[in-house]
Amino acid sequence: MQLLRGIQGKRVHGGIGGIQNSQQMAYLRHLQKEINKDDALNTPLDKLKVVVFDIETTGFSPERGDAILSIGAIKMNGLTILEEQQFYSLIHYEDEIPQEIVQLTGITNDSVREAPPISNVLMNFFEFVQDSTLVAHHATHERSFMQYVSSKHFKTLFKHRIVDTSFLYKLIDRDFDNVSLEKLCIENNIPIVERHHALGDAKMTAQIWRIYVEKVIELGCETLNDVYNQFARI
């Protein structure tokens with residue numbers, strides 16, 4: 001069974017034994033109510049709790065049958081990357097992974113055959129995230145898959161806020177448009193390590209987030225609300 005690195009860096013099993021789907025849905029809806037009570041938009045950026053995450057998938061369209069193969073995440077508290085608080089799991093997949101995805105990610109058909117089901121992995125992920133704000137690079141990809149699987153497996157809307165790194169880096173350099181993670185890493189002297197591995201990409205994105213949070217604070221943006229308002233003007 002695939003192991004996850006959960007809250008406080010402890011390792012926990014990928015499955016949640018004995019929990020029925022109805023209980024999972026009830027828990028998720030309760031968690032979403034708690035999330036909606038917390039207005040992260042007005043929390044100072046240097047105190048904002050975030051979980052930076054990334055997914056590897058078989059393609060770009062969940063509606064057409066593409067699936068999540070792995071998910072990786074790391075926590076941050078303001079500008080501090082919490083190296084010991086990480087999450088990673090492969091996700092069960094029965095079909096054949098496209099060969100180009102195998103070559104890109106290193107994820108094999110055998111490895112996902114033995115991985116836990118997506119419902120269990122996502123429940124563990126949501127428990128890891130709790131009420132933190134999610135951050136992703138090119139977040140439209142993550143958002144579309146998380147919305148789809150939440151609706152399919154938990155019969156509920158995905159209500160976590162996901163902030164795209166572009167809201168920050170475009171405020172600093174307006175020539176950056178849909179810029180790749182590699183380019184941002186090179187631009188900011190961040191070593192490119194384990195690219196196209198969900199946890200590796202999440203760790204690099206966390207470094208990007210930290211750098212650009214510092215830069216937008218220097219611009220006078222103290223909260224996400226300030227970032228969004230400033231972004232709307234460019």
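Atoms considered below: every heavy atom in the structure, side chains included; atoms not considered: hydrogens, waters and symmetry mates. Keep in mind that this is a model prediction, so the values were computed, not measured.
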> If you look only at pairs with a residue in residues 92-113, which of them pass as a salt bridge (Lys or Arg N to Asp or Glu O under 4.0 Å), with sequence neighbours excluded?
Replying inline: E96-R113

>> Less than 4.5 Å apart, side chain to side chain, heavy atoms only: is that true for H92 and V112?
In response: no

> Would T57 and Y93 satisfy side chain to side chain contact (heavy atoms under 4.5 Å, CB included), going step by step from the backbone distance to the final call?
Replying inline: CA-CA 10 Å; T57 62; Y93 185 64; over 6 Å; no

> What's the spacing between Q147 CD and E63 CD if we round to 0.5 Å?
Replying inline: 9.0 Å

> Quick one: CD1 on I172 to CG on L219, what's the gap to the nearest 0.5 Å?
Replying inline: 4.0 Å

>> Go through it in stages, so that I can follow the logic: the residues are I107 and S70, the test is side chain to side chain contact (heavy atoms under 4.5 Å, CB included), and I'd like the CA-CA distance, side-chain angles, deciding distance and then a yes or no.
In response: CA-CA 9 Å; I107 298 173; S70 67; 3.6 Å; yes

> Where is the tightest heavy-atom contact between A198 and G72, given as atom of each residue plus distance?
Replying inline: CB-N, 3.4 Å

> Where do S89 and P116 come nearest, in terms of heavy atoms and distance?
Replying inline: OG-CG, 3.9 Å

> How about F60: does its CZ atom have over 12 heavy atoms from other parts shown lying under 6.0 Å from it?
Replying inline: no

>> Would you call the rings of Y169 and Y212 parallel, tilted or perpendicular, taking 30° and 60° as the class edges?
In response: perpendicular

> When rounded to the nearest 0.5 angstrom, what is the spacing between CG in L90 and CD1 in I68?
Replying inline: 12.5 Å

> Are any of the side-chain heavy atoms of V163 and L224 separated by less than 4.5 Å?
Replying inline: yes

> Are side-chain heavy atoms of N124 and E127 found at a separation under 4.5 Å?
Replying inline: yes

>> Treating N188 as the side-chain partner and I190 as the backbone partner, does any N or O pair qualify as donor plus acceptor under 3.5 Å?
In response: no

> Taking C-beta and beyond as the side chain, do V50 and L134 meet within less than 4.5 Å on heavy atoms?
Replying inline: no

> If two hydrophobic side chains count as joined below 4.5 Å and joins carry through other members, does L48 share a cluster with L82?
Replying inline: no

> Hey, does the side chain of R174 reach the backbone of I234 with a donor-acceptor pair shorter than 3.5 angstrom?
Replying inline: no

>> Measuring only between side-chain heavy atoms, which start at C-beta, is Y228 closer than 4.5 Å to L41?
In response: yes

>> Using every non-hydrogen atom in the two residues, find where V216 and L45 come nearest and quote the distance to one decimal.
In response: CG2-CD1, 3.9 Å

>> Do I101 and L199 sit in one hydrophobic cluster, given that two such residues count as connected whenever their side-chain heavy atoms are within less than 4.5 Å of each other, even indirectly?
In response: yes

> Where the side chain of Q207 meets the backbone of M204, is there a donor-acceptor pair that is under 3.5 Å apart?
Replying inline: no

> Can you find a heavy atom in the side chain of H141 that is under 4.5 Å from one in the side chain of I55?
Replying inline: yes

>> Just verifying a value: how many Å separate F231 CZ and S166 OG, rounded to the nearest 0.5 Å?
In response: 5.0 Å

> Closest approach of F126 and F154, non-hydrogen atoms and distance?
Replying inline: CE1-CE1, 4.1 Å

>> With salt bridge (Lys or Arg N to Asp or Glu O under 4.0 Å) as the criterion, how do D54 and K203 come out once you've worked through the C-alpha distance, each side chain's angles and the decisive distance to 0.1 Å?
In response: CA-CA 9 Å; D54 182 80; K203 289 180 177 180; over 6 Å; no

> By side-chain contact (heavy atoms from CB on, under 4.5 Å), which residues pair with Q230, not counting sequence neighbours?
Replying inline: L171, C221, R233

>> Determine whether a donor-acceptor pair (N or O, by modelled atom type, separation under 3.5 Å) exists between the side chain of S150 and the backbone of T156.
In response: no

>> For a quick test of reading the model, state the closest non-hydrogen atom pair linking K47 to N77 and the distance between them.
In response: O-OD1, 3.7 Å

> Is any side-chain heavy atom of D201 closer than 4.5 Å to a side-chain heavy atom of H197?
Replying inline: no

>> Would the distance check show the side chain of T80 and the main-chain N or O of M76 forming a donor-acceptor pair, the cut-off being under 3.5 Å?
In response: no

>> Could you walk me through whether I186 and I192 satisfy the side chain to side chain contact (heavy atoms under 4.5 Å, CB included) test, starting with their C-alpha distance in whole Å, then the side-chain angles of each, then the deciding distance to 0.1 Å, before giving a yes or no?
In response: CA-CA 8 Å; I186 292 169; I192 298 173; 4.1 Å; yes

>> I'd like to know if F125 and I162 are part of one continuous hydrophobic network [Ile/Leu/Val/Met/Phe/Trp/Tyr, side-chain heavy atoms within less than 4.5 Å].
In response: yes

> Run the side chain to side chain contact (heavy atoms under 4.5 Å, CB included) check on Q85 and I74 step by step: do they pass?
Replying inline: CA-CA 6 Å; Q85 298 192 36; I74 187 165; 6.0 Å; no

>> Using 0.5 Å steps for rounding, measure from the CD1 atom of I81 to the CH2 atom of W209.
In response: 12.0 Å

>> Are the side chains of K49 and T133 in contact, using a 4.5 Å heavy-atom criterion?
In response: no

> Which atom pair, heavy atoms only, marks the closest approach of V51 to S132?
Replying inline: CG2-CB, 3.7 Å

> Checking K75 against F128: charged group under 6.0 Å from the ring centre and within 45 degrees of the axis?
Replying inline: yes

> Under the 3.5 angstrom rule, does the side chain of D164 hit a backbone N or O of H137 as a donor-acceptor pair?
Replying inline: no

> Passes ring-ring contact (aromatic ring centres under 6.0 Å, His included), Y148 versus F158? Steps please.
Replying inline: CA-CA 8 Å; Y148 182 84; F158 179 75; over 10 Å; no

> What distance separates T140 OG1 from F145 CZ, expressed to the nearest 0.5 Å?
Replying inline: 12.0 Å

